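Quick note: residue numbers are just sequence positions, from 1. Quick caveat: nothing in here was measured; it's all calculated off a predicted structure. Heavy-atom basis, side chains included; hydrogens, waters and symmetry copies ignored.
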Amino acid sequence: MTEKKRILTGDRPTGRLHLGHYVGSLKNRIALQETYDCNFIIADLHTLTTKPQKEHILELRENIRQLVLDHLACGIDYNKVTFYLQSATTAVYQLNLLFEMLISFNRLAGLPSIKEMAKNAHLDTENIPFGLIGYPVLQTADILMSRAHCVPVGKDNEAHIELARDIARRFNMYYGEVFPLPEVLLSDVPALIGTDGKGKMSKSAGNSIYLSDDAQTVEKKVKGMYTDPNRVRADTPGTVEGNPVFIFHDVFNPNKGEVEDLKARYRTGTVGDVEVKEKLTIALNRFLDPIREKRKFYEAEKGLIEEIIYDGTLKVEEQGRETVKEAMSAMGLSGAWNKISRIARDRKKG
């Protein structure tokens, strides 16, 4: 039997997941779990790069649980994947330090994504924390710790994986072949627009429909969705292209005949926003109903989420321990300590 290739993917536990997460990553992960050995990182250390305050750290406890619940509710099978908590894996701290020695500051500071992350976190670009500059190195430690072969990312994060490849390549050149060069699994799914029509759906922008929202909340959010600003009356011909309501219909309404009919009538001014939104509400709630049912089931299984994270973290901790052992041996770092230990033990024995 051919051994499955391992992938590393995951999220920062900053809150509940929304429809944008489903379109951009969860849907893909559901498919990947059938063909890959999947490590799903709960990247709590990465949240410290922009929110190191204690009040934010305390919020992580519930966010971690909700993150795994959202995955299971959408169809991730915990028997097929490994969830693990980043901060509880000792090896990631060790590898992060070792890898920092193999990359220049200028290379990290030149990554456009770092400045973008600082901007989104409302940080002064002249005072970006060292941890944020080193974010891609910690990411590299995540990837190489379990020697992942592939990393699913969007086009905007491709540069981070190339950096991980560079670090792995340099390590192997200096010390011998220890790490596989991780490959990119590019996702061609565009970001889902938010309900306000001003950009992609995001927790911080307040324009999200969450996977855990109840039917009434979904209805309220859809009613408030941005449509065609130039359409002031129901009998005014409207624009479908780029209209968030129709983007959502295309993604989540399986009744394509209904969607095409609504588009045609919208363009000719023979259907109002109310009907278009009502039918979108029905489609979204039909999509979310099975997710809500699974979520309710897993929530009722007391201690299950914690057990899944605990077991997965122990498994990845073992993978990381073996990786660090091999890496330090290849570098020659373990030799001095082994010699010191042997001499010291012999002396104590007399």
Side-chain angles (χ1 to χ4, degrees), residues 6-18 20-22 24-30 32-33 36-52 54-96 117 131-132 135-148 150-153 157 160 164 182 202-203 210-212 294-295 298-299 301 303-321 323:
R6 179 173 293 154
I7 67 168
L8 186 284
T9 187
D11 305 275
R12 295 187 301 162
T14 55
R16 295 177 296 157
L17 300 185
H18 50 62
H21 291 117
Y22 180 86
S25 59
L26 283 174
K27 186 177 180 181
N28 190 40
R29 291 174 190 174
I30 293 166
L32 290 173
Q33 70 180 336
Y36 287 89
D37 174 16
C38 299
N39 277 359
F40 285 1
I41 183 175
I42 304 167
D44 55 338
L45 290 178
H46 284 297
T47 66
L48 304 183
T49 58
T50 55
K51 294 183 176 181
K54 189 171 182 179
E55 60 267 26
H56 296 305
I57 295 173
L58 293 177
E59 290 174 358
L60 292 177
R61 297 173 186 177
E62 182 58 22
N63 288 346
I64 286 164
R65 187 170 181 276
Q66 295 301 325
L67 177 65
V68 177
L69 268 172
D70 280 331
H71 277 74
L72 300 186
C74 287
I76 294 295
D77 184 344
Y78 66 88
N79 292 305
K80 295 180 179 178
V81 307
T82 301
F83 288 98
Y84 75 96
L85 188 60
Q86 182 190 31
S87 62
T89 52
T90 310
V92 76
Y93 301 93
Q94 297 169 297
L95 291 173
N96 181 56
M117 288 173 68
L132 183 55
Y135 187 107
V137 181
L138 181 57
Q139 210 170 41
T140 296
D142 296 328
I143 296 165
L144 300 185
M145 181 180 67
S146 57
R147 293 188 249 203
C150 307
V151 186
V153 293
N157 275 316
H160 286 205
S202 95
K203 288 171 276 195
Y210 293 97
L211 298 168
S212 52
K294 283 186 178 180
R295 194 176 225 286
Y298 286 116
E299 281 183 318
E301 293 290 320
L304 175 62
I305 301 302
E306 290 76 9
E307 182 181 353
I308 290 169
I309 298 170
Y310 177 78
D311 289 346
T313 302
L314 291 183
K315 177 182 174 182
V316 173
E317 173 74 357
E318 180 59 30
Q319 293 172 358
R321 190 180 298 116
T323 300

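Once rounded to the nearest 0.5 Å, the distance linking OG of Ser87 with CD1 of Ile41 reads 9.5 Å. Interatomic distance, SG of Cys74 versus OH of Tyr22, reported as 6.5 Å (0.5 Å rounding). We find the CG-CG distance between Asp11 and Leu26 to be 7.0 Å, quoted to the nearest 0.5 Å. Rounded to the nearest 0.5 Å, atoms OG1 (Thr82) and CG (Leu314) are 11.5 Å apart. The CD1 atom of Ile143 lies 5.5 Å from the CD atom of Gln139; values are rounded to the nearest 0.5 Å. Distance check: Thr14 OG1 to Ile64 CD1 gives 11.5 Å after rounding to the nearest 0.5 Å.
Under the 30°/60° scheme for interplanar angles, the aromatic rings of Phe83 and Phe40 are found to stand perpendicular.
Across all their heavy atoms, Pro152 and Asn28 have their closest contact at CB-ND2, 4.1 Å. Nearest approach of Leu304 to Tyr298, heavy atoms of both residues: CD2-CD2, 3.7 Å. Residues Ala164 and Pro182 approach most closely at CB-CG, 4.2 Å, considering heavy atoms.
A 4.5 Å side-chain heavy-atom check between Arg29 and Val81 finds every atom pair outside the cut-off. Residues His160 and Val153 form no side-chain contact, since every pair of their non-hydrogen atoms from C-beta on lies 4.5 Å or further apart. In this structure, the side chains of His71 and Leu67 come closer than 4.5 Å at one or more pairs of heavy atoms. Two residues are said to be in side-chain contact when any heavy atoms from C-beta on lie closer than 4.5 Å; Leu144 and Thr323 fail this criterion. At least one side-chain heavy atom of Ile30 sits under 4.5 Å from a side-chain heavy atom of Ile76. Contact of the Tyr210 side chain with the Lys203 side chain is registered, since non-hydrogen atoms from C-beta on lie closer than 4.5 Å. Side-chain contact between Met145 and Thr89: present, with at least one pair of heavy atoms (C-beta onward) separated by less than 4.5 Å. Side-chain contact between Ser25 and Thr9: absent, with no pair of heavy atoms (C-beta onward) separated by less than 4.5 Å.
Here the side chain of Gln86 pairs a donor or acceptor atom with the backbone of Leu45 at under 3.5 angstrom. Distance alone, capped at 3.5 Å, is enough to place a donor-acceptor pair between the Glu317 side chain and the Thr90 backbone. A donor-acceptor contact shorter than 3.5 Å is absent between the side chain of Asn39 and the backbone of Leu8. A side-chain donor-acceptor contact under 3.5 Å links Gln33 to the backbone of Gly75. Panel note: side chain Arg6, backbone Ser146; a donor-acceptor pair is recorded below 3.5 Å.
Atom NZ of Lys27 sits in a sparse spot, with 12 or fewer heavy atoms from other residues, nucleotides or ligands closer than 6.0 Å.
Sorted pairs that involve residues 40-52 and meet salt bridge (charged side-chain N to carboxylate O under 4.0 Å, His left out), not counting sequence neighbours, are lacking altogether.
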Could you give me the CA-CA distance, side-chain angles and deciding distance for Leu60 and Ile42, then say whether side-chain contact (heavy atoms from CB on, under 4.5 Å) is met?
-> CA-CA 10 Å; Leu60 292 177; Ile42 304 167; over 6 Å; no
Step by step, work out the side-chain hydrogen bond (donor to acceptor under 3.5 Å, both in side chains) result for Arg295 and Gln66.
-> CA-CA 10 Å; Arg295 194 176 225 286; Gln66 295 301 325; 2.9 Å; yes
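With 3.5 Å as the limit, one finds no donor-acceptor pair spanning the side chains of His21 and Asp70.
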Please table the atom pairs, donor to acceptor, closer than 3.5 Å between any side-chain atom in residues 306-313 and protein atoms at least two apart or in another chain.
| unit_1 | atom_1 | unit_2 | atom_2 | d |
| --- | --- | --- | --- | --- |
| Glu306 | OE2 | Arg65 | NE | 3.4 |
| Thr313 | OG1 | Leu85 | N | 3.0 |
| Thr313 | OG1 | Ile309 | O | 2.7 |

